[in-house]
4 protein chains.
Amino acid sequence: MTATTPAEPGGRRGETRRKVYRAAVELIAEQGFTATTVDAIAERAGVAKGTVFYNFGSKEGLFSSLLAHGVGQLTDALSGAAAAAPRPGVAALDAVVLAQLRFFDEYGPFARVLVAEMWRTAWQEVVAGLREGALGVYQGVLDEAVAAGELREGLDTGTAATAIFGMVLTVAIERRALHPEQPLEEVHATLAGLIHGRITG
Amino acid sequence: MTATTPAEPGGRRGETRRKVYRAAVELIAEQGFTATTVDAIAERAGVAKGTVFYNFGSKEGLFSSLLAHGVGQLTDALSGAAAAAPRPGVAALDAVVLAQLRFFDEYGPFARVLVAEMWRTAWQEVVAGLREGALGVYQGVLDEAVAAGELREGLDTGTAATAIFGMVLTVAIERRALHPEQPLEEVHATLAGLIHGRITG
Amino acid sequence: MTATTPAEPGGRRGETRRKVYRAAVELIAEQGFTATTVDAIAERAGVAKGTVFYNFGSKEGLFSSLLAHGVGQLTDALSGAAAAAPRPGVAALDAVVLAQLRFFDEYGPFARVLVAEMWRTAWQEVVAGLREGALGVYQGVLDEAVAAGELREGLDTGTAATAIFGMVLTVAIERRALHPEQPLEEVHATLAGLIHGRITG
Amino acid sequence: MTATTPAEPGGRRGETRRKVYRAAVELIAEQGFTATTVDAIAERAGVAKGTVFYNFGSKEGLFSSLLAHGVGQLTDALSGAAAAAPRPGVAALDAVVLAQLRFFDEYGPFARVLVAEMWRTAWQEVVAGLREGALGVYQGVLDEAVAAGELREGLDTGTAATAIFGMVLTVAIERRALHPEQPLEEVHATLAGLIHGRITG
DNA sequence: CATGAATGAGATTTCATTCAT
DNA sequence: AATGAATGAAATCTCATTCAT
């Protein structure tokens, strides 16, 4: 079994991987990506340093596995919200925006890791997954809204999806860093207003 | 003259600083801050490694100087656009968005550096400058629009400013990376539509 | 049964040992002893890493066992050829040279291992075995030739044995690596000519 | 200047490289190739560990540079002996054999390194150099001897060159390891006898 | 008999920084 | 004002070996 093959979740190896994972996420939350050493991760996980390499092959391997996992969770959160929305179209869009806000509220460090490390060529694959996953959910919802006549025919839904995703991402990071006390609902209301045009009186 | 004193722009030292700036921005955009070595910066700039330290004191010093410089230029570009707009309010907002798109179209690597490194606690000072500068321009324009009755009373213009800035930043990066042939005006139209509510038919 | 006790050749254990032997010889021939990892040996042999240690105790143990095994086979091949020669002396010498060429033709990787690792102080015991075995055969044949008056009285048969052994070993490796198509008989004729003085017209 | 570019011999860097070189050769002589750590080399050379990497790029780089250097010296020694021989042909061959014996007598550790590490794919280039260099000298001398009628027409001088080189190499290593007190001249006499056919009475 | 996850000592390598020139 | 060789602390990574299953 190679170093990067995930083990069966229940076994001894799966347990180790989970411990290392959790330790890595916590430390990134505290100190950022590259400032986190494998030594520190191993110590916090309560395993030997070699064990990290045995299970993930390299520091890069660990982090790319981590990123992929986070992107997957984000995509799940967004598509879940889209599916659970009472009605498609703009109402679903609001739900997805709220889901994204909540996700980054809960996994704030992940948002920072995402924007800070997205550009490393080593992880282009992960970023591509983000595009197909999270941005895809946005674009799907927007396409439905266009089809339903809620948004104007001919809207560039690709660009609009990126725009909304980036808007929410930026606001979520800023809120966490500077106004953590501000209620999420308030922020959501402001963004929803911006997006579906009720910014004007 | 200390290491961090900027030299007169025309001299030999000013030229050296400019070469190092450009090399650093490009490399950091490609690989991120920590993955970029001073060796690589010096080599791409065509100077000796010692020269980087002679001029900027440290790697962090180079980077924060670089960020401050870029943020200053960005602020100038945005406030220039706001001031030159025929009318204040929403019209001015469109002009500022266009100016931001154009700025990042010209200085693409800087946009990536900004988005990637903006949130590191180490550089809070720079981020504060960004907030007072670029985000301030947005907030000022939005405040004027509220005062003029173009936007609804009570709008959280701080959050809205961050939202629009992040939206434009994200779209600018994505366009440069994936659709460089798409006309800037088209992108601008989509964003303007989103922002002032003409997204709906 | 201790880890270093050889098992009966036919059993499950004998089979495992043989697979590991073969894998180890090949890899060490390709990369050298220290560059070859137990991981790689186990993988190529198709067994678990623990199995190598269970059977051979240590990496060194595997290797010295492997060398001893190979040296024993080589000795058998050479002494068999000497015994089977129609006449003793120079004719027997030719037969032994041919046998050595044939042996290394069949077990090429072992020749490389031998030449590469023979001189390491760690394995003096094995080298002593080689000297008593394979070199002993050469020296015995040479002594007989001296006794028979075919070679001059006073010849340093120890040095001569080493010289001829090294010559054949080197040529065998070179042939395998660079001229595998060259008939063994041709090479043998050149060497035989060199050795018993018919190099001159 | 890249890490592998040799510096001008007189400068500061050249001096450092020479110190590291010398330390590396000494340590290899004592402990063998892979058992020698960069730490130990740096300490004996009296430089920081980083300096070794600054100058040679990697441990492999250091050793391959070392090997190439040794092969060059060996080639020079052999071709020098061939050129200085009073007469070409078999007399020159004797001189080359003596030169090879002397070289490995003086640089014994190098001979061991050579045979032990020749097979690493990283150094195939070096080995190719050996073939063209040292073996080339032997073949040239043999060809001349054939042309002069001293050796029989049609002799496979390529194989013969390899054979003689390997013979001398093996004997030189063996002598150094087991009979260092034996006079070089005696060994040379035995080999010379073997080679030009006076092995028989 | 065989396994393979875990280990940790010890190796190689990186790179921001200094300083004599 | 610029250089680049040298540094060394700190990082990443390797791998023979152990041991519970």
Side-chain angles (χ1 to χ4, degrees), chain A residues 1 3 7 11-17 20 34-42 47-62, chain B residues 1 3 7 11-13 15-17 34-43 47-55 57-62, chain C residues 1 3 7 11-13 15-17 34-43 47-55 57-62, chain D residues 1 3 7 11-17 20 34-42 47-62:
Chain A
M1 182 180 287
R12 181 182 176 199
R13 186 165 184 179
E15 171 60 17
T16 299
R17 287 176 69 94
V20 171
T34 26
T36 300
T37 67
V38 175
D39 265 283
I41 294 169
V47 301
K49 194 179 358 178
T51 302
V52 176
F53 288 94
Y54 179 70
N55 278 280
F56 294 94
S58 69
K59 192 191 178 188
E60 289 257 312
L62 165 59
Chain B
M1 181 182 285
R12 178 182 175 192
R13 185 160 178 182
E15 171 61 14
T16 297
R17 290 177 69 96
T34 17
T36 299
T37 67
V38 177
D39 262 286
I41 295 170
E43 192 185 6
V47 302
K49 182 160 38 163
T51 303
V52 176
F53 287 89
Y54 179 73
N55 277 278
S58 70
K59 190 190 176 188
E60 294 251 318
L62 160 61
Chain C
M1 182 182 286
R12 180 180 173 193
R13 186 158 180 184
E15 171 60 15
T16 298
R17 289 176 70 95
T34 18
T36 298
T37 67
V38 176
D39 263 287
I41 293 170
E43 192 185 7
V47 302
K49 182 158 45 161
T51 302
V52 176
F53 286 90
Y54 179 72
N55 278 279
S58 71
K59 190 190 177 189
E60 293 251 318
L62 160 61
Chain D
M1 181 180 287
R12 181 183 176 197
R13 186 165 185 181
E15 171 60 17
T16 299
R17 287 178 69 96
V20 171
T34 25
T36 300
T37 67
V38 176
D39 265 283
I41 294 169
V47 302
K49 194 175 4 177
T51 302
V52 176
F53 288 92
Y54 179 71
N55 278 280
F56 294 94
S58 69
K59 191 190 177 189
E60 289 258 312
L62 165 58

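Every chain is numbered from 1 and lettered A, B, ... according to where its sequence line falls, protein lines coming before strand lines. Computed from a predicted structure; not experimentally measured.
Contacts of Lys59(B) with the nucleic acid, taken as non-hydrogen atoms under 4.0 Å apart, involve only primed sugar atoms and P, OP1 or OP2.
Remark: Lys49(B) NZ to Thr37(B) OG1 distance equals 7.5 Å, nearest 0.5 Å. Distance OG1/Thr51(C) to CZ/Arg17(C): 12.5 Å, rounded to 0.5 Å.
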Worksheet item: What do the steps show when you test Asn55(A) against Val20(A) for side-chain contact (heavy atoms from CB on, under 4.5 Å), and what is the final call?
Response: CA-CA 9 Å; Asn55(A) 278 280; Val20(A) 171; 5.7 Å; no

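Between the CZ atom of Phe53(B) and the C1' atom of dA1(F) there is a distance of 17 Å, rounded to whole Å. In this structure, the OH atom of Tyr54(D) is 11 Å from the C1' atom of dT7(F), given to the nearest Å. In this structure, the CD1 atom of Ile41(B) is 11 Å from the P atom of dT17(E), given to the nearest Å. The CZ atom of Phe56(A) sits 15 Å away from the P atom of dT12(F) (whole-angstrom rounding). Taking atom CD of residue Glu15(A) and atom C1' of nucleotide dA6(E), one finds them 14 Å apart after rounding to whole Å. Distance CG (Asp39(B)) to C1' (dT7(F)): 13 Å, rounded to an integer number of Å. If you measure from atom CZ of Arg17(D) to atom C1' of dG4(F), you get 15 Å, rounded to the nearest angstrom.
In this structure, of dT3(E), dA11(F), dA5(F), it is dA11(F) that holds the atom nearest to the side chain of Thr37(A). The side chain of Ala48(D) lies closest to dT7(F), out of dA2(E), dA6(F), dT7(F). Proximity note for Lys49(B) (side chain, C-beta onward) versus dT17(F), dA5(F), dA2(F): the nearest is dA5(F).
The nearest pair of heavy atoms linking Gly61(B) to Ser58(B) is N-OG, 2.9 Å. In terms of heavy-atom proximity, Phe53(A) sits nearest to Val38(A) at CE1-CG1, 3.5 Å.
If you check dA1(F) for Watson-Crick or wobble pairing at under 3.5 angstrom, you find it has no partner at all.
Residue Val47(A) is the one, among Ala35(D) and Val47(A), whose nearest nucleotide of DNA chain E lies closer to the 5' end (criterion: closest heavy atom). Positionally, the nearest nucleotide of DNA chain F for Thr51(B) lies more toward the 5' end than for the other of Thr51(B) and Ser58(A). Take the nearest nucleotide of DNA chain F for Val38(A) and for Gly50(B): the residue whose nucleotide is more 5' is Gly50(B).
A sub-4.0 Å separation between OP1 or OP2 of dA5(F) and a side-chain N or O of Thr16(D) is absent. Under 4.0 angstrom from either OP1 or OP2 of dA5(E) there lies no side-chain N or O belonging to Asn55(A).
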